[in-house]
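Structure, as structure tokens:
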Amino acid sequence: MMITIDRFSSLIIVDAQNDFCPGGALAVKNGDKVVSVLNRYIAYFQAVRAPIFATRDWHPKNHVSFKERGGPWPPHCVQGSKGANLHPELKLPYASTVISKGFLPDQDAYSGFQGTDLEVRLKEKGVKRVFIGGLATDYCVKNTVLDALKCGFEIFLLTDAIHGVEVKKGDSKKAIDDMVGAGAKEITIKNLKFVKLART
Ligand code: VGL
Ligand code: ZN
């Protein structure tokens with residue numbers, strides 16, 4: 001299956017942040033490995049001027065998901081911290097849009113659509129097909145994909161550009177099964193057809 005990226009396509013990069021990479025507060029094994037693949041996807045979308053979004057986990061210091069408040073996670077992606085920064089090697093174009101989520105102290109947001117204007121922004125650009133990769137497969141990627149499907153988009157899961165937290169072994173595979181079961185299509189960079197733009 002070959003897929004052409006057109007102007008009704010959009011790339012959503014989920015939480016490619018330092019804290020989800022090795023050395024970070026909530027490190028995903030091989031989390032940093034998604035960055036170079038994501039950069040290749042970015043190049044495709046940029047070439048046809050398809051909109052690119054990057055979500056970021058953006059928690060206040062007293063966030064409800066942190067252990068000290070009874071949540072499951074160590075403090076991570078605290079607003080303004082180095083851990084909350086996008087990975088320094090991610091080549092996000094200047095024209096892309098960063099979507100912050102999980103910024104309310106008492107509410108978690110695993111999905112890039114939760115408490116944000118991401119759906120409105122995609123629909124006002126006429127986007128029909130959404131391509132999703134990033135971190136982590138079993139939490140924020142999964143929830144973002146499931147919400148995107150509910151919004152009515154055609155969803156392509158970038159299986160070569162995701163990694164999972166794996167609190168339990170097999171969580172990533174289960175998450176992929178859930179996403180595919182809900183209608184997401186699995187692709188890798190090899191499925192993309194590069195189309196050179198005509199000069200204008
Ligand atoms: C995430 C755990 C906690 C994620 C965010 O981005 O997948 N996981 N907060
Ligand atoms: Zn979080």
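Along the sequence shown, the residues carry numbers beginning at 1. When a ligand or atom number is given, it counts from 1 through the structure's own listing order. These figures come from a predicted structure and were not determined experimentally.
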### Query
Considering only heavy atoms from C-beta outward, does the side chain of F53 approach that of S96 to under 4.5 Å?
no
### Query
Shortest non-hydrogen contact from S9 to P51?
O-CD, 3.3 Å
### Message
Regarding H76 and D57, do their side chains bring together a donor and an acceptor under 3.5 Å, going by distance alone?
### Response
yes
### Message
Could you check whether atom NZ of K123 has more than 12 heavy atoms from other residues, nucleotides or ligands sitting under 6.0 Å from it?
### Response
yes
#### Entry: Donor + acceptor pair across side chains of N143, S111 (<3.5 Å)
no
### Query
Would you say the side-chain atoms of E186 and T159 include a donor-acceptor pair closer than 3.5 Å?
no
### Task
Evaluate the side-chain proximity of F153 to F8: yes if any heavy-atom separation is below 4.5 Å, no if none is.
no
### Query
Got a salt bridge between R69 and D106, using NZ or NE/NH1/NH2 to carboxylate O under 4.0 Å?
yes
### Query
Do Y41 and V37 have side chains that get closer than 4.5 Å, going by heavy atoms?
yes
#### Entry: Neighbouring protein residues of ligand 1 - any heavy atom closer than 4.0 Å
D15, F20, L26, D57, W73, H76, Y110, L135, A136, Y139, C140
## Note on the structure
Atoms of type N, O or S from the protein that sit nearer than 2.8 Å to the Zn ion (ligand 2) number exactly 3
